[in-house]
Amino acid sequence: MGLCRKILSISFKEKSIFRFDYLVSTLFSFFYIVLKVYLWKGLYGISGGTVNGIALNDMLVYSILSSFTAGITKTTVMNDLNDSVLSGSISTNLLLPIGLKKYLFVGSVTKNFFLTLYGTIPSVLAAMLFFGFHARIRPVNIILYLFSVTMGILINFLYNFLFGSSVIWFRNAFFLNNINSVLLNLFSGSFVPLWFFPEPLKILSVFLPFRYIVFEPIAVLLDTKSVEETAGVFTMQFFWLLLLFCAATFVWNRGRNKIMIQGG
């Protein structure tokens, strides 16, 4: 634990040097929210009625919350693994006593901390003031949301680590990141909520981990689920955590041996 705290402290200091980068990201995050909000306003029309039983105000609230949730669950571990293999620095990282997976997770957490602090939170607050935020959220739902979104962070990290490890065999797996971005944006509900999915895609999303990263935590926060449905969400998140952890550990152990044989 002492070593983890030391790495965490060093990572904080390292990321704090580049605060300007995170401040710039605030503008991009805000404009992204604006784009989504005006897109939905255009689709709903001037009358601002309901679509599939979802009111325009609910969509505006969802757009803001999805931007926040997608921001705090984001990870770049797939790119980090790809870059470390291409540069050869992975051979040094393998010598870390903390283990590469834990090291990358700590780095991902600290990077997201500053991204959330300097980018996501200011842009979301600005959007709430600019567009208004009309939603009744109970304290118990906030607690459940924090619990659910924490598991979402872990699911996204393990998923990206699992497929990022394939760079050991591909040598350069940059294309996987593009594929992952498409799948995540589509099936996580970060841009279009699963409410509007056609039935085949909605069924398919149940068998993928992405909806448990963004859509389901927001659904829990907005109290759109019963107690039984909320328990079902947590059960599925635990299932994906266990499955992805086992798969990521297995693939990495095999890949690590391959790197050692080939000299990094």
Side-chain angles (χ1 to χ4, degrees), residues 29-30 32-33 36-37 40 50-75 105 108-110 112-159 184-185 187-197 202 205-245:
S29 298
F30 176 71
Y32 182 66
I33 296 175
K36 289 200 296 184
V37 168
W40 285 114
T50 61
V51 177
N52 288 354
I54 308 299
L56 175 60
N57 176 70
D58 296 333
M59 274 309 311
L60 299 186
V61 170
Y62 183 89
S63 295
I64 293 173
L65 291 177
S66 66
S67 295
F68 177 76
T69 306
I72 62 177
T73 56
K74 184 179 180 181
T75 181
F105 180 72
S108 179
V109 168
T110 55
N112 256 10
F113 173 82
F114 281 96
L115 182 62
T116 300
L117 185 63
Y118 291 105
T120 304
I121 291 179
S123 62
V124 167
L125 290 177
M128 291 170 65
L129 292 173
F130 190 77
F131 296 107
F133 188 86
H134 309 288
R136 294 182 179 180
I137 299 176
R138 297 184 300 166
V140 64
N141 291 107
I142 296 177
I143 295 173
L144 293 174
Y145 168 79
L146 293 175
F147 181 69
S148 182
V149 85
T150 298
M151 289 194 285
I153 291 171
L154 293 171
I155 289 172
N156 200 23
F157 173 82
L158 289 171
Y159 168 82
L184 183 62
N185 288 327
F187 288 105
S188 71
S190 61
F191 196 84
V192 179
L194 304 187
W195 300 320
F196 300 112
F197 273 33
K202 193 179 294 185
S205 71
V206 175
F207 299 97
L208 298 173
F210 306 108
R211 66 181 296 154
Y212 302 101
I213 298 172
V214 176
F215 178 79
E216 295 295 0
I218 296 175
V220 169
L221 178 63
L222 296 178
D223 200 19
T224 62
K225 293 182 175 293
S226 63
V227 175
E228 292 78 11
E229 289 173 332
T230 301
V233 170
F234 292 152
T235 300
M236 289 303 300
Q237 286 183 313
F238 275 122
F239 166 77
W240 279 110
L241 275 178
L242 181 61
L243 179 63
L244 289 171
F245 177 80

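Along the sequence shown, residues carry numbers from 1. For the numbers below, each heavy atom of this structure counts, side chains included, while hydrogens, waters and symmetry mates do not. This structure is a prediction, so every number in the text was calculated from the model and none was measured.
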*Over all heavy atoms of both residues, which pair between K202 and L194 is shortest? Give the atoms and the distance, please.*
CE-O, 3.3 Å
_From CA spacing to verdict: side chain to side chain donor-acceptor pair (under 3.5 Å), S188, Y212_ = CA-CA 7 Å; S188 71; Y212 302 101; over 6 Å; no
_Side-chain H-bond candidate by donor/acceptor type, S148 with Q237, under 3.5 Å_ = yes
*Taking atom OH of Y32 as the centre, does the number of heavy atoms from other residues, nucleotides or ligands within less than 6.0 Å exceed 12?*
yes
_Minimum heavy-atom separation for I33 and S123, please, with both atom names._
CD1-O, 4.0 Å
*Using a distance-only test with no angle check, is there a side-chain donor-acceptor pair under 3.5 angstrom linking S108 and K74?*
no
*Less than 4.5 Å apart, any side-chain heavy atom of I121 and any of F68?*
yes
*Report yes or no: does N141 contribute a side-chain atom to a donor-acceptor pair with the main-chain N or O of L222 at less than 3.5 Å?*
no
_Euclidean distance, I72 CD1 relative to S67 OG, rounded to 0.5 Å_ = 11.5 Å
Counting only pairs under 3.5 Å, give me each side-chain donor-acceptor contact of residues 53-63, with atom names and distances, residues two or more places apart or in other chains.
unit_1 : atom_1 : unit_2 : atom_2 : d
N57    : ND2    : H134   : O      : 2.9
Y62    : OH     : G189   : O      : 2.6
S63    : OG     : M59    : O      : 2.9

*Inter-residue atom distance M236.CE - I155.CD1, 0.5 Å rounding*: 9.0 Å
*Looking only at atom types and distance, does a side-chain atom of K36 sit under 3.5 Å from a main-chain N or O of S190, one as donor and one as acceptor?*
yes
*Should we count CZ of F130 as having more than 12 external heavy atoms under 6.0 Å?*
no
*Spacing of F234 atom CZ and L241 atom CG [to the nearest 0.5 Å]*: 12.0 Å
*W240 ring center within less than 6.0 Å of F210 ring center*: no
*Side chains of F215 and W195: does their closest heavy-atom pair fall under 4.5 Å?*
yes
*Once you round to the nearest 0.5 Å, how far does CG of L184 lie from OG1 of T73?*
7.0 Å
*Parallel, tilted or perpendicular: rings of F197 and F187 (30°, 60°)*: perpendicular
*Rounded to the nearest 0.5 Å, what's the gap from CG on L208 to CD1 on I213? Could you check?*
10.0 Å
*Just how far is it from atom CG of L158 to atom CE of M151, taken to the nearest 0.5 Å?*
13.0 Å
_Distance-only polar pair, side chains of Y159 and T75, donor-acceptor under 3.5 Å_ = no
*Between E229 and S226, what is the shortest heavy-atom contact and its length?*
OE1-N, 2.9 Å
